[in-house]
Amino acid sequence: MQAAKLRRYLRDVVLPYSPQYREMFRSHGLTADDFSSIDDLRKLPFTSKSDLLPTTEKPARFKDFIIAPEPSELARRPGTICRALLHGRAQVQKELGDEFRPRLILFTTGRAAEPLAFCLTQHDINNLAEAGRRVMDVCGARPEFRMINAFPFAPHLAFWLTHYAGTEFGVLVTSTGGGKVMGTEGNLRLVRKLIPDVIIGVPTFVYHLLHQAADEGLRCENLKKIVLGGEKVSDGLRHKLRDLAREVGASDVDVLSTYGFTEAKMAFAECPYPHDQSPSGYHLYPDMAIVEIVDPKSGEPLPSGSPGEIVFTPLDARGSAVLRYRTGDCTDGGLTYKPCPHCGRSVPRITGKISRVSEIREMNLDKLKGTLVDFNQLEHILDDAPHVGAWQLELRKLNNDPHEVDEIILHVQKSDGTDDDELSHGLRDRMFNHTEIHPNRVEFHNIEEMRRLQGVGVVMKEQKVVDHRPKNGEASGASPAKSNSSANGSNGQHKFVTSA
Ligand SMILES: [Zn+2]
C-alpha cells in the first residue's frame, strides 16, 4: 500500500511540480515507476538540511523544494478537466488553491543553525490537523478534555500542531504561548481557570510551571496527561513530573513524549503505559509518511530493530516537500512493526531514545577535555540524577578572560534537603563516570534563581546549556583552547581543561 501511494505521489505531484526532485530524478535516470517497493527508496539520494541552506549562487534554495505547479499545467491535468465539467470552474480553482497555494509558513528550530522556511498549503494544514488529532488519540485523549497548550508562541511546528490537534480532535484548548508570553504566573492563572486535563509543552517549562503550582498550593486534580515535545524526556524527568502532579492533587498522570520536526509537518506520540514499564515508542502514520532507519555513516537502510538515523519521506505533502530527509536524529532502538504491547495498535513505531545529533554539533560540546562526550547522554545523566530538580550547564572562560581556558559550571536546584557537599561530590562522580569530564564547580540555587538562570518567562526556550564564553576570544584564535583543538585537527571544537 505504501509503495503504491509513494508511486502515485511521485508521479502525480512531486515529479511534475517540484523543481528540485524533477531535476534529481532526471539526473539519476529515475521515474516514478522505478519505485515498485519500499526497498526501492534506496535508489533515491538523501536530502539533508544543508541541501536547503542558501548559497551565494542560490540564496533561496528552499524554494526549489516547494511543489509549485503553473496554472496552465494544472489546467491540462485530466482530473482538472473532469472536475471542472462536474463542479464548475470556480470550484475547481478553489480546490487547486487549497491544494497548492502556500497559506502558512513555519520555520525549523535549532539553536545555532539558520532557521529554514517551510510552506504549508491548506492541504498540508488539513494533514497537520489530522496528524495532531492522531497524537491526541494515541495519547488517550477524550473529547470532554480541556487542554492547555503551553508551547512557546512562534512560527514553529509544536505550537501550531498542538493548536490544530486540539480543534481537530475536539477538546477545549487554550494556548498560553509559554513562559515568555504570559509568564509562569499567567500560565498558572489559566491552569486555575481552565482546570485542564492535559498540559502540553516543553519539558523544562512544564517542570517550572508544576513546581510553582505545587509551591503555591494550587490544586489540579483533573490533570491526567502531561504531553511533552521539543526536548528529550528522560525517565528521571517523568518521575519528577509525576511527583509534582501528585503534589497538586493529580494522582495518576501519564507523562508522554512526542517526536516531530518542521520538515515532516507532523509529530508522533507515545501511548499511555503502566508506570513500572517502559514507553513503547512513537506511533507512526504509514498512510502519511515512510520512516526509514539508516546507518548514519554509510547511509545504508537498516533492518527493523537496528539503531540508526531517522529518515523521513512524506506521502501526501504539498508546499515544501523533502524526500528521504535525513533528520540527523538517531534512535538507539530502531523501528518495530510488531503490535504495540500497551495499546495494541499495529502501526510501525520508532523505539528507544532519540538523540538529536544536530544539537550536539551546534553546541560544540562533543569534545570536552580531549574526550568525545555525548551531550545527549550527559543530559540524560543529569536529568536522571537523584536529588536534582532543575539544572543548567554553563560554559565560561576562566576569570572571563577570552585568552583563558574554558570552565564548566553545573548549576543545580535540589529537589530535597540533601547535603550540598554530598550531592556536589555525587554529581561530579556521576558526570565523570559517564563522560570522563567533571565540572569545575557545582553551584546550588533555589527555584527562583534557577528560573532566572534558565530564562523562564524571558527566553523562547528555557536554557539547559548556556555558553558565556566571549565571542571575540574564539575568533582571535589566540586562546590555548583554540590552539589545542587545532593541533588535534578538530577545528571548531573546544578543548576543555577542568580542575580536579
Ligand atoms: Zn501503543
Side-chain angles (χ1 to χ4, degrees), residues 1-6 8-10 12-14 66-67 94-106 108 118-147 149 151 155-175 198 200 225 227-230 256-272 281-291 310 312-323 325 327 340 343-350:
M1 180 203 80
Q2 269 190 317
K5 194 151 188 182
L6 172 69
R8 209 162 48 236
Y9 177 55
L10 292 174
D12 297 345
V13 179
V14 178
I66 299 174
I67 289 172
K94 184 193 173 300
E95 284 173 15
L96 291 175
D98 285 350
E99 183 172 356
F100 292 108
R101 189 171 305 134
R103 295 265 166 90
L104 177 68
I105 297 185
L106 299 179
T108 56
F118 247 69
C119 298
L120 286 82
T121 70
Q122 185 58 48
H123 183 90
D124 291 314
I125 295 172
N126 296 346
N127 281 342
L128 178 75
E130 171 60 16
R133 189 194 65 76
R134 293 184 191 185
V135 166
M136 303 285 289
D137 185 51
V138 169
C139 289
R142 291 202 300 271
E144 66 271 22
F145 276 8
R146 286 176 286 193
M147 176 166 90
N149 169 14
F151 276 119
H156 297 158
L157 180 82
F159 180 91
W160 291 100
L161 182 122
T162 305
H163 166 77
Y164 285 113
T167 55
E168 185 74 9
F169 188 87
V171 298
L172 180 63
V173 59
T174 189
S175 299
V198 184
I200 176 163
K225 316 271 176 194
V227 182
L228 304 169
L256 303 170
S257 174
T258 59
Y259 171 66
F261 45 98
T262 306
E263 297 89 329
K265 305 177 191 172
M266 60 183 81
F268 313 108
E270 295 172 343
C271 64
Y282 301 97
H283 298 60
L284 301 177
Y285 318 133
D287 57 329
M288 296 173 90
I290 298 171
V291 170
I310 298 166
F312 178 89
T313 302
L315 288 172
D316 196 30
R318 303 296 187 271
S320 308
V322 284
L323 305 182
Y325 187 72
T327 58
C340 175
C343 71
R345 284 181 182 82
S346 58
V347 295
R349 283 169 287 126
I350 301 175

Which residues pass the side chain to side chain donor-acceptor pair (under 3.5 Å) test with [X], not counting sequence neighbours?
X      : answer
Arg134 : Glu130, Asp287
Lys5   : none
Arg349 : none

Is it the case that the side chain of [X] and the backbone of [Y] share a donor-acceptor pair, with hydrogens and angles ignored and the cut-off at 3.5 Å?
X      : Y      : result
Gln122 : Glu95  : no
Tyr9   : Ala317 : yes
Thr258 : Phe268 : no
Thr121 : Glu99  : yes

Taking atom [atom1] of [X] and atom [atom2] of [Y], what is their separation to the nearest 0.5 Å?
X      : Y      : atom1 : atom2 : answer
Asp124 : Phe100 : CG    : CZ    : 10.5 Å
Thr174 : Met147 : OG1   : CE    : 10.0 Å
Leu157 : Leu120 : CG    : CG    : 8.5 Å
Leu128 : Thr162 : CG    : OG1   : 9.0 Å
Thr262 : Phe118 : OG1   : CZ    : 8.0 Å
Tyr282 : Leu256 : OH    : CG    : 10.0 Å

Do [X] and [Y] have side chains that get closer than 4.5 Å, going by heavy atoms?
X      : Y      : result
Pro272 : Lys225 : yes
Tyr285 : Val135 : yes
Thr108 : Glu263 : yes
Asp137 : Arg345 : yes
His123 : Asp316 : yes
Val198 : Val171 : no
Lys265 : Asn127 : no
Leu323 : Pro314 : yes

* How about Arg103: does its CZ atom have over 12 heavy atoms from other parts shown lying under 6.0 Å from it? ->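 For Arg103, atom CZ is crowded (more than 12 foreign heavy atoms under 6.0 Å).
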
Smallest separation among heavy atoms of [X] and [Y], with atom names:
X      : Y      : result
Phe145 : Gly140 : CE2-O, 3.9 Å
Gly229 : Phe151 : O-CE2, 3.5 Å
Leu161 : Met266 : CD1-CA, 3.8 Å
Ile105 : Cys119 : CG1-SG, 4.3 Å
Gln2   : Pro286 : NE2-O, 3.1 Å
Ser320 : Ile66  : OG-CG1, 3.7 Å

* To do: On the 0 to 90° scale, with breaks at 30° and 60°, tag the Phe312-Phe261 ring pair as parallel, tilted or perpendicular.
  =>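 Perpendicular.
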
* Asked: In terms of ring plane angle, is the pair Trp160 and His163 parallel, tilted or perpendicular, where the classes change at 30° and 60°?
  ->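 Rings of Trp160 and His163: perpendicular, as their planes differ by over 60°.
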
